[in-house]
Amino acid sequence: MEPKLSKAYDPADVETRWYRAWEADGCFHAVADSPKPHYSIVIPPPNVTGVLHMGHALNNTLQDVLCRWKRMTGHEVLWMPGTDHAGIATQNVVEKQLAGEGLDRHALGREEFIARVWKWRAESGGQIINQLKRLGASCDWERERFTMDEGLSKAVREIFVRLYEEGLIYRDNRLINWCPRCHTALSDLEVEHDEKQGHLWHLRYPVKGSPRFLVVATTRPETMLGDTAVAVHPEDERYADLIGQTVVLPLLGREIPIIADDYVDREFGTGVVKITPAHDFNDFEVGKRHSLEFINILDSSGFINENGGPYRGLERGAARGKVVADLDAQGLLEKIDSHANAVGECYRCKTVIEPFLSLQWYVNVQPLAAEAIKAVQQGETRIVPTQWEKTYFEWMFNIKDWCISRQIWWGHRIPAWYCDDCGAITVSRADASACSHCGSRQLRQETDVLDTWFSSALWPFSTMGWPERTETLAKFYPTSCLVTGFDILFFWVARMMMMGIKSMGEVPFTDVYIHALVRDAQGQKMSKSKGNVIDPLSVIDEYGADAFRFTLTAFAAMGRDIKLATERIAGYKAFANKLWNAARFTLMNLEDFDPQVIDLSKLELSPADRWILVRLAETAREVNRALAEYKFNEAASLLYAFTWHYFCDWYIELAKEELYGTDLAAKARVQKTLFTVLEELLRLLHPLMPFITEEIWQALPGERPCAYIMLAPYPTGEGLPQDVEGAARMELVMEVVRAIRNIRGEMNVAPSRQVTAVLDCKSPASAEILKGGERYIRALARVGELTCGVGVARPDQAATQVAGDVEILLPLAGLIDIDAEEQRLVKEIAKVEKDVTLFAKKLGNEAFIAKAPPEVLEKDRGKLSEAQEKLEILQQSLEKIRGLK
RNA sequence: GGGCGAAUAGCUCAGCUGGGAGAGCAUCGGCCUUACAAGCCGAGGGUCACAGGUUCGAUCCCUGUUUCGCCCACCA
C-alpha cells in the first residue's frame, strides 16, 4: 500500500497551490443576480500603510470562517475587501520618506505631494492584501476597493453635500484638539488620554490696588500668557469681596477681571481658577459666558506667538520653564505640588495635543445618532456579545458634534468653494466653477480634507456603488454581519450606523460581532517599542495557516484580551498533523474501494459504525449551532474533540479489526463508514482549516460532486444512518475497554502482554452487548482469553473494575502484584465512596426530595444505587485481595 | 468621577437559561502496538478571589470587598 499523502503535512506548498486555484476559478466571486440567499460582510479596511498584525489575523480569520461556512450552506457570499487611505497615518509615512531625502511636503507643493502618495500606494500599498491571502481570506478580490477610489470619492461628496444642504454640516470657530506635529485638528475620539504624574503650580496674581494676591493653581503655567480673567465660585466667602475687581497679570502686566462662575470647584486647589479661554475647553465656555477676550498665544506648531510678549518664539515646553522661573524670581510662585492628570495625545503621533481656537467643519450628529440608537433598540442591528450594546448606547447618548476637517493634504478634499467676491460658500457635488451666490468665478476650494473616518463610515454602501442604485446594493445591503474589534466601535461602527441609516434608509448590518484584542502571552499590548510583536506571517511560515487559524478560532471567545502563546499554535499544528495522518490511514485502506458502489443506509452496520455516525451527526449539528451563535471556540473544540478523540482514538482503532480481517463484506462496510466520516469531517473543518481539508479532500477516491471542497455543501447531521441506542450500547463496550486499560495501566502491565479477562454481567442485555463487542475488547484492551456472560465462573484471585452493571475481573494468576491491586482498589473505593456519601446526603435531605424537579431526583437516585453497587463489589474484591496477603 | 470586563488545575483558558468542576499545554508512570513519538495507554492535580445573601441546591443569581485590566469624562 503506497500512501497517497506524504508522510508529514507540508503547509507551504499546499497553501499557495489551493489558494491560487480557488482564486483562478472564481470561487470567491459573488454575483448579484444569484438566486441563492445573500450573505455579505464588508472587511474592516486595513490602512494601506499597514502590515498584517495579530488583530487583522484574528479579525479576518473569523470573517473567513463565517464566509466559507455560509458559502457551503448555500448562500451567495460577498466578502467585500479593500483598504483605507488612512489620511494622517499615510501622510506621515510619506512625509517621513521625504524627510529622508531632505525634503518636506511644502517643498513639493500639494499636487506633487499627493502624486507622491499615490505612487507610494501603487508600490507598497498592496502588501497587506497579499498577507490576507496567505491567511486564506476568501474575499471577492475582483471587487477590491480603496476609500480614495473614484467611486467612493463620489459617495463622499454626495453625502457631504446632502448633509450640508440639510444643515447637518456646518462651519464654526471654536476650540478643537490640535496636533502641533501633524498640524491638523483632530476629533475628540482621536485624542488619547494618558494619566501622567505632573505638577500643579500655584501662582500669585496681585490684586489691583491692594496688597492681596489671588493664588491660582494650574497644570499649565505657560498658558497664563493668555489669561483674560480669574474666576472664583460665586458663593465663596473667601473671595466674595473681590468679585468685580481686577488682578494684574504677572509678566505681561495686563489687567484682567475677577469673575464669579459656578464652574469653579471651591474644594480644589485654592478655589481660584485662571481663565484662558483660547487654550482650555472649560475656560472657553467660561469665556463665552462672560464675554471675555480670547487671546491665542500659540502658533500652529506650538510656539508662543506675538501675543506672548517677551516669550514669543519659545516652544511651549521651553515657555513653561521660563514662565515658571520668571514668576519664581518675582516671588510669585507660591508652591509646586505633584499632581496626576490626563494629558491628551494625538492618536497617530503621540504628541501632546493643544486646545486651539480655529475655524473647522462639523457634523451635527445628534439627529443621526438618534436613528442609530433606535435601530439597535428595535433590534434591526444586533450587537454580539450584547454587553457591547451598553457601551454603544452610552457613547451615542453623549455624542458631540464631529469635527471632520483636517489640515492635511492626503484625503478627500472638502467640496466647498469660497467666493473671493462675495464671501459665500458653494458646496457642490461637481467641482464648482462659479459662486452659487453671486456667480463670480473667483473661487478657491477649501484646502482642508475630511477625517479619514468620514469615508470609512460610508464603506458598507460606498463599496457597493452608492449613490448609484446598483444590483450589488440591492442584493447585498444591508450586510449580514460586521466583524470587528471593540477598539473601533465608536470610530467606525457607530458612524457606519449613522451614515448607513442616513444614506440608505436602512442599517448597514444586521449583526455586529465584536471580538477581543490580541495581546502577547503576558497580556501586554503588542507593540514595536516593547518588542513583543508576534508577526502573523512568521507564524504561518512556522506552523501553517490552518493551525494558526484554528488557534485564533479556538481563542475567539475571550472577553477582551486574547493572550496569544505560541505553544498553543504548536498544539494545533499537531492537530493538523493528526488529521493528516488519519487521512493517510484512511486512504491507505481505501485502495480497493469505490465509494459510489455501496449505499451506507442499506448496510448492516457494526456497533462501532453506528456509534461514530451518531457522534458525527451530533457534532455537525452542534458546530452549525455554535457558528450561528458566533461561538467560534465551541465550534473549534467540538471539531477538535470529534477528530482526535472520537474518530482517531476510537473509531480508527476499532475499524482496524475489520479492515485487517478476512471478512470482505465487513471490510467494505468499514471502508464506507471510514470514507463517509472522513469526508464529512473535512467539510465540517473546512471553514476553519481550508487548506489541509482541500488537499485531503482532493486525494479522496471516487467522483467528487464539485470541483473544490469549498464549494461542497456543509454537513448538517442529516442524512446519516442514526441508531442512537446502538451507539449507547457501544459506549458500554468502550467503558469496559477503559476499565481494563485502567487496571493494566495502574498495575504496569506491559502493553505487549495479553491479559485474560472475565466479564461478569448482571443482566443478559449487557452480556449480549459485550459479546457483540468482543472483538473490540480483545483488540483495544489487549485481551487474550475472554469470558463473558451472566453468572460466569469467577477466578479466585482477580483485579476488579466495574462498568455499568458489569464486573470486570482480570485473574492475577502470577501476572500481577497483589500490593499494587490493593492500592488501586483503595484509591478506587475512595472515589466511589465520595460519590455515595454525596448522593446519599442529597437524597436524605427532605427539602431536596420535596422541591427538586423529578428528573433530577430520578437521576440522582440512579447514580446513588449505581455507586452503591460499585462500592460493594470493589469492597468485596479488596477483602479478597487482603485475604491473600 | 462614571461605566465595563477579568479573577476556575502549575500555565493559557472553556464552562449555554443554577442540579455530581472541563480542555490544551506542563507534570508523573508505561509504550518505537505497520496513520501519526507532532504519537499511543494510564495517572496525579482545583475551599471555582474573599465575605454575606437568595435557594432543597450556587463556579453560575443578588449585595459588598479586594486585586488586575480596559473604555469614557472639561475639575484647573
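Quick note on labels: first sequence line is chain A, next is B, and so on, each numbered from 1.
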For this session: Report the residue from A:Glu746, A:Glu822, A:Glu833 that forms a salt bridge (charged side-chain N to carboxylate O under 4.0 Å, His left out) with A:Lys827.
Result: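 So, applying the salt bridge (charged side-chain N to carboxylate O under 4.0 Å, His left out) to A:Lys827 and each of A:Glu746, A:Glu822, A:Glu833, only A:Glu746 qualifies.
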
Distance between the [atom1] atoms of [N] and [M], in whole angstroms?
N: B:C4; M: B:U12; atom1: P; result: 26 Å
N: B:A23; M: B:A14; atom1: C1'; result: 7 Å
N: B:A6; M: B:A49; atom1: C1'; result: 11 Å
N: B:C62; M: B:U54; atom1: C1'; result: 7 Å
N: B:A43; M: B:G15; atom1: C1'; result: 24 Å
N: B:C11; M: B:A26; atom1: C1'; result: 7 Å
N: B:C41; M: B:G46; atom1: C1'; result: 25 Å
N: B:C32; M: B:U27; atom1: C1'; result: 22 Å

Atom [atom1] of [X] and atom [atom2] of [N]: how far apart are they, to the nearest Å?
X: A:Arg744; N: B:A43; atom1: CZ; atom2: P; answer: 14 Å
X: A:Gln823; N: B:G44; atom1: CD; atom2: C1'; answer: 13 Å
X: A:Asp487; N: B:C70; atom1: CG; atom2: P; answer: 13 Å
X: A:Glu190; N: B:C72; atom1: CD; atom2: P; answer: 13 Å
X: A:Glu567; N: B:U12; atom1: CD; atom2: P; answer: 11 Å
X: A:Tyr572; N: B:G24; atom1: OH; atom2: P; answer: 9 Å
X: A:Phe550; N: B:U12; atom1: CZ; atom2: P; answer: 22 Å
X: A:His193; N: B:C72; atom1: NE2; atom2: C1'; answer: 9 Å

Could you check whether [X] gets within reach of a base, just the sugar-phosphate, or nothing at all, counting any heavy atom under 4.0 Å?
X: A:Asp265; answer: base
X: A:Phe284; answer: nothing
X: A:Val264; answer: base
X: A:His645; answer: sugar-phosphate
X: A:Tyr263; answer: base
X: A:Gly271; answer: base
X: A:Glu394; answer: nothing

State plainly whether the residues [X] and [Y] are in salt-bridge range, i.e. N to O under 4.0 Å.
X: A:Lys656; Y: A:Glu653; answer: yes
X: A:Glu658; Y: A:Arg775; answer: yes
X: A:Glu634; Y: A:Arg625; answer: yes
X: A:Glu821; Y: A:Arg824; answer: yes

Exercise. Does A:Val737 or A:Lys631 map to a spot on RNA chain B nearer the 5' end, using the closest nucleotide for each?
Worked result: A:Lys631

Problem set entry | 5'-most by nearest nucleotide on RNA chain B - A:Ala342 or A:Tyr640 |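 That would be A:Tyr640.
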
For this session: With side chain to side chain donor-acceptor pair (under 3.5 Å) as the test, would you mind laying out the steps for A:Glu190 and A:Tyr347 before giving the verdict?
Result: CA-CA 5 Å; A:Glu190 290 168 308; A:Tyr347 83 137; 3.0 Å; yes

What's the closest nucleotide to the side chain of [X] if the choices are [options]?
X: A:Phe490; options: B:C71, B:A43, B:A76; answer: B:C71
X: A:Ala574; options: B:C56, B:A38, B:G24; answer: B:A38
X: A:Phe555; options: B:U12, B:C75, B:G24; answer: B:U12
X: A:Ala847; options: B:G44, B:A76, B:C56; answer: B:C56
X: A:Asn633; options: B:G19, B:A14, B:C75; answer: B:A14
X: A:Pro853; options: B:A38, B:C56, B:C70; answer: B:C56
X: A:Thr218; options: B:G44, B:C72, B:A76; answer: B:A76
X: A:Arg741; options: B:A76, B:G24, B:C41; answer: B:C41
X: A:Asp280; options: B:A76, B:G5, B:G3; answer: B:A76

Any side-chain N or O of [X] less than 4.0 Å from the OP1 or OP2 oxygen of [N]?
X: A:Asn742; N: B:A43; answer: yes
X: A:His279; N: B:A76; answer: no
X: A:Lys274; N: B:A76; answer: no
X: A:Trp644; N: B:C40; answer: yes

Can you classify the ring geometry of [X] versus [Y] as parallel (below 30°), tilted (30 to 60°) or perpendicular (above 60°)?
X: A:His515; Y: A:Tyr513; result: tilted
X: A:Phe575; Y: A:Tyr572; result: perpendicular
X: A:Trp388; Y: A:Phe486; result: parallel

Exercise. Quick check, are the ring centers of A:His233 and A:Phe268 under 6.0 angstrom apart?
Worked result: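 Centroid separation for A:His233 and A:Phe268: 6.0 Å or greater.
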
Exercise. Taking all atoms of both residues into account, what is the closest heavy-atom pair of A:Pro277 and A:Leu175, and its distance?
Worked result: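 Result for this residue pair: O-CD1, 3.9 Å.
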
Problem set entry | Nearest heavy-atom neighbours spanning A:Trp697 and A:Glu679 | NE1-OE2, 2.8 Å

For this session: Spell out protein contact along nucleotides 26-36 of chain B as letters: B when the base is contacted, S when just the sugar-phosphate is, - when no protein heavy atom is under 4.0 Å; keep the 5' to 3' order.
Result: ---SSS-S-BB

Problem set entry | Qualifying residue for side chain to side chain contact (heavy atoms under 4.5 Å, CB included) with A:Leu685, from A:Ile692, A:Thr643, A:Ile696 |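 Answer to the side chain to side chain contact (heavy atoms under 4.5 Å, CB included) test with A:Leu685 among A:Ile692, A:Thr643, A:Ile696: A:Thr643.
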
Exercise. Taking only Watson-Crick and G-U wobble pairs with both distances under 3.5 Å, what dot-bracket line describes RNA chain B, where [ ] shows pairs that cross earlier ones and | shows pairs with another strand?
Worked result: (((((((..((((.....[..)))).(((((.......))))).....(((((..]....))))))))))))....

